[in-house]
Each structure stands twice: as C-alpha cells, then as structure tokens.
Amino acid sequence: MTKVATRFAPSPTGPLHIGGIRTALFNWLYSKNQNGKFFLRVEDTDKERSKDEYKNQIVQDLKWLGINYDGEEYIQSKKIDDHIKVANELLKNGYAYKCYCSNDEIEDQKKRAKQKKIPYIYNREWRDRKESDAPKNVKPAIRFKSKIDGSSILKDLVQGDVEIENNTIEDFIILRNDGTPTYNLSASVDDHQMNMTHIIRGDDHKINTFKQIQIYHAMKWDLPFFAHIPLIHTIEGKKLSKRDKASTLNDYSKIGIMPDALRNYLLRLGWSYKDKEIFSLEESIKYFNLEGIGKSPSKLDIRRILSINEHYIKNIEENELFDHFIEYCKLFKSEIKSNKKEKIEKSLSFLKNKAKTLQDIFNNGQYIIVDEIEFNRDDIKLIDDKAKKVISDFKSQFIKIDQPSREVLESIVNELIESHNTNFKGVGQPLRIALTGSKFGPGIYDIILSLGKEEVDKRLANKILA
RNA sequence: GGUCCCUUCGUCUAUCGGUUAGGACACAUGGUUUUCAUCCAUGAAAGAGGGGUUCGAUUCCCCUAGGGACCGCCA
C-alpha cells in the first residue's frame with residue numbers, strides 16, 4: 001500500500017480566495033488523516049501574471065491557517081524541461097501532433113462557432129495532415145491526439161462514475177508554438193513525478209482531468225485517484241472568484257477572524273461528520289474523509305463564520321486569545337502599548353463576552369487602549385447637571401480609596417443610589433460615559449477595575465464633567 | 001448552444017427504504033441581567049415538480065424545471 005500523497009497547486013496570479021484555501025485544507029486534512037504527505041506546488045508558468053509577492057502571500061496564508069506542507073515548495077517553472085521532454089515523447093509515439101493553424105485561423109473558427117451558437121472545438125485539421133503540407137512561416141503548436149471514439153469514465157471519489165463522450169474533448173495543446181508547455185501537460189507530468197496518489201481539486205477542473213488521464217494512459221503511468229469537490233458559491237450563487245468582495249483570507253483576518261475558526265468553518269462547508277459542528281484541529285484530522293464531502297455547491301455565509309469565531313473567542317484559553325489579539329492588533333490596528341497590554345489581558349474575561357471578532361475586542365477595549373477618550377456626541381448629552389453631581393459625588397468618595405475593589409465600589413454606588421434617590425442606571429450610566437465616552441460598554445465595576453485607580457482619577461477630572 | 005455536475009428549513013447540513021424529517025447559524029418571543037451583550041427557554045421554518053419501482057419513498061430509476069461548472073497557445 002503506497003503512502004497517500006496530496007498536493008495543493010495554486011497559480012501565484014493573485015491572492016488565494018477561500019475556495020482555494022478550502023481545497024488546500026481538504027488536501028492537507030486528507031493526507032494527515034491517512035498519515036501521508038502534503039505538498040505545495042506553485043504553478044507559475046504563466047510568466048505574465050505570476051508574481052513572487054503572490055507566491056509569498058500564498059505561503060503565508062497557508063501558514064496562518066496552520067497548513068504546513070512537506071519539504072520545500074515545488075516550483076513548476078523549474079520543471080519545464082521535463083514537461084517538454086514528455087511532450088516530445090508523446091509526439092514521437094504518435095500521441096501528439098504538430099498543428100500549423102495560425103492564431104488568426106483559430107480565432108476565426110471560434111468567432112464563427114459563437115455566431116452560429118455551436119460549441120467550438122478545434123477541428124483537428126492537422127491531426128492527419130502530412131508534415132509536408134506545413135506552411136513555412138508558421139511555428140507549430142503541439143496538440144494531444146485526443147480519443148475520438150467511445151466514451152471515458154472517471155471514477156471520482158466524490159461524484160462517483162462520470163461518463164463523457166470522448167469526441168467532446170478537443171485535441172488540446174500541450175506545447176505552445178513558442179515551445180512552452182501548457183497547464184494540462186505540466187500538471188500531469190508534475191503530479192506523476194511527485195508521485196501523487198490523490199488529486200483533490202475543484203469541480204471546475206473536471207474536464208481537465210479527462211484530458212490529463214489521457215496523458216497518463218499515453219505515457220503508461222499509474223493513475224492517481226481523483227476527487228472533484230463542489231465549488232463555493234457567492235450568496236448570489238456564482239462561482240467565487242478573487243474579484244468577489246470578502247473572498248480572500250485577508251478579508252477575514254483583517255476583521256479579526258481567528259485561524260481555527262476559519263478552518264472550522266471551511267471544513268464544515270461542503271463536508272460533514274454526523275451532527276458535529278465544532279472540530280478542534282486534532283478532530284479535523286481524525287474525522288476527515290472523502291465520503292463526508294457533499295456533492296452540491298455551498299454558499300458562503302459570513303454570519304456563520306462570525307458565529308463560529310465567536311464560539312472560539314469564548315471557549316479557547318484566555319492566554320491563547322490574548323496572543324491572537326496582540327498579534328491581530330499588530331497586523332491590522334496599531335501595536336498595543338506595553339502598559340496597556342496588562343490591563344487588556346486582565347480584562348479579556350469580560351471584553352470577550354460581547355465579541356464575535358478580535359476587532360470587536362479591540363473596539364470594546366478602546367477605552368483601555370487609548371490615552372484620551374473620545375466622547376460619543378449623543379451620549380455626552382446625557383451628562384446633565386444631575387449626572388455631573390453624581391459623578392462629582394462619586395469622585396469625592398473614590399479619591400479616598402487607595403485600592404479599589406468590587407466590594408468597596410458596590411457600597412459607594414449603593415450609597416449614591418440612595419442619596420440621589422435614583423436607580424442603578426442613574427449612577428452607572430454617567431460613570432460609564434465619564435470613563436469610556438459611551439453609554440454602552442462593560443459593567444461599571446469591570447470598567448473601573450480594568451482602568452485602575454490612577455486612570456479613573458484622571459478621567460473623572462475631565463473638564464467636560466465639571 | 002454543447003458536455004458534465006447539482007437540488008432537504010433563509011444558510012451549512014443529518015438521514016445510507018419505515019423518523020412527529022434531526023442539529024447548527026440566522027430569525028421571532030419570553031426569562032435572567034447593570035447599559036450593550038452574554039446566557040437560558042420556547043417558537044416558526046425544508047424534501048423543486050411529475051412519473052415510476054416498492055407493502056412503504058426525502059432516500060432507488062426516469063422525465064421536466066431550476067441552478068452551477070467547463071467549453072484559452074490561463075492555471
């Protein structure tokens with residue numbers, strides 16, 4: 001039994017979108033589940049569009065999610081010679097031929113097909129023509145001699161048996177007229193040379209698979225298993241693309257979605273294991289299988305991502321959450337000053353209660369993070385003379401304490417409620433506004449304790465409140 | 001237009017011929033509460049349509065409809 005080997009093969013022509021990330025995740029999980037290997041192959045043969053920065057971004061994104069690949073990344077462009085060698089061998093053995101059609105001719109054929117509303121497929125003109133007919137001024141492209149008769153069956157691990165008439169697959173180009181290999185050639189040669197056992201990729205590759213299988217057969221290579229996973233759709237029901245809003249990993253990390261939460265969400269999008277919703281990393285690996293992958297495309301739902309993220313925020317260890325938060329602020333907000341870090345850490349237990357994202361924690365903890373609070377325009381209006389009196393009375397009591405505790409604060413507040421003949425809100429609200437600038441926020445005792453004696457004194461001395 | 005794939009609550013999904021069709025998110029209502037939240041309880045919410053097969057179909061088969069993917073000398 002050979003060891004399972006999978007791969008993720010993105011082209012570095014833009015940031016990964018989360019469909020691609022899910023494909024990577026499934027491949028990775030499957031290899032881990034099977035105790036196999038997982039590789040990253042960078043398909044950078046499109047020189048025009050491939051960029052190093054995108055490659056680095058992809059590597060970073062995978063790392064962020066915790067997807068680690070075995071060995072070095074495999075750079076496809078470095079293997080071009082191998083691809084060409086295979087093309088020549090196919091040519092030599094009669095599985096491919098030189099096509100002398102010019103670009104213009106092909107374009108013309110396509111245009112006409114479109115006008116007539118008939119499907120375009122290369123007319124196989126040079127499949128049987130003699131080399132001696134070749135025009136001298138045209139450099140040939142090499143086309144694969146695709147099967148014409150009968151049909152082929154793909155035994156797909158997700159979709160089951162898929163049968164297709166061979167004549168619907170054209171004689172696809174494997175070597176361009178500039179001598180460079182095309183995708184289907186490169187991908188199959190690489191997959192073979194990398195000893196891939198399972199090719200798990202998006203459903204949009206299915207036709208390619210039929211082409212690649214033919215190359216495998218012509219080269220007498222063993223076939224890997226194929227699994228075509230349904231695509232992720234936008235809310236509108238279309239294939240997700242890089243151009244869509246909120247489709248890249250960065251779109252989620254920047255609002256404070258944590259890696260584990262996104263991983264959990266992506267795992268459950270198109271895959272299920274009984275009624276289980278929350279999967280730790282270990283559980284993901286333990287339970288992941290190809291049988292659990294659904295056949296129908298699924299829509300991206302930000303509310304669900306948010307709710308899973310909320311679950312993780314509330315359930316992971318607080319020191320872990322703290323680390324995520326500090327890292328998040330560093331990357332997407334501003335670095336938290338060290339004297340504030342400690343206060344935040346102590347306050348996480350209540351700041352997280354009303355947060356779905358790290359960004360929410362950042363916002364909820366604003367009053368701790370900033371040196372000068374900003375008053376909410378509407379809320380400051382609630383500070384009338386009566387409220388100011390409450391605040392100053394609180395202040396005169398608070399000043400006497402040197403170590404605020406919940407008990408002491410409670411007794412002060414209760415006295416104030418009585419002496420001002422009001423309720424908790426009558427005391428709590430002015431104080432909250434005075435200390436945080438907003439009427440919304442954590443419990444008033446939490447606020448005071450989180451700020452500390454010195455800071456509370458300072459804020460209560462604000463002229464606006466006088 | 002051709003080929004292929006898909007179709008259970010709004011969304012993600014469970015069900016592998018016999019269930020009051022289950023769970024989660026979202027939503028609604030009520031309760032707890034110190035504002036906003038959290039939390040708890042309850043509720044509403046689904047098998048696209050039509051034919052078969054079968055004692056019995058959400059489940060198996062066919063047709064229709066709808067949706068999607070592919071149809072590059074991109075990957």
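None of these values were measured; they are calculated from a predicted model. FYI, side chains are in, hydrogens and waters are out, and symmetry mates aren't considered; it's all heavy atoms of this structure. Throughout, protein chains are lettered first and strands after them, A, B, ... in sequence-line order, and every chain is numbered starting at 1.
Here B/rA48 sits opposite B/rU64 as a Watson-Crick or G-U wobble pair (both hydrogen-bonding atom distances under 3.5 Å). In this structure B/rU11 sits in a base pair with B/rA24, meeting the Watson-Crick or G-U test at under 3.5 Å. Searching all strands for a Watson-Crick or G-U wobble partner of B/rC39 with both distances below 3.5 Å returns B/rG31.
Between A/Lys389 and A/Asp393 there is a salt bridge, with a side-chain nitrogen of the basic residue lying less than 4.0 Å from a carboxylate oxygen of the acidic one. Salt-bridge annotation for A/Lys139 and A/Asp178: absent, with no side-chain N of the basic residue lying under 4.0 Å from a carboxylate O of the acidic one.
Each of B/rU13, B/rA75, B/rC70 was ranked by its minimum atom distance to the side chain of A/Ser298; first place goes to B/rU13. The listed nucleotides are B/rU38, B/rC73, B/rC5; the one nearest the side chain of A/Asn177 is B/rC73. With distances taken from any side-chain atom of A/Arg143 to the nucleotides B/rC73, B/rA75, B/rC12, the minimum falls on B/rC73.
Map A/Lys314 and A/Gln76 each onto its nearest nucleotide of RNA chain B; the residue landing nearer the 5' end is A/Lys314.
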Mark up nucleotides 23-35 of chain B, 5' to 3', with B wherever a protein heavy atom is under 4.0 angstrom from a base atom, S wherever such an atom reaches only the sugar-phosphate, and - elsewhere. BBSS-------BB
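The CD-P distance, from A/Glu165 to B/rC70, rounds to 22 Å in whole Å.
At a non-hydrogen distance threshold of 4.0 Å, A/Leu231, A/His233, A/Gly237, A/Lys238, A/Lys239 from residues 229-240 of chain A come into contact with RNA chain B.
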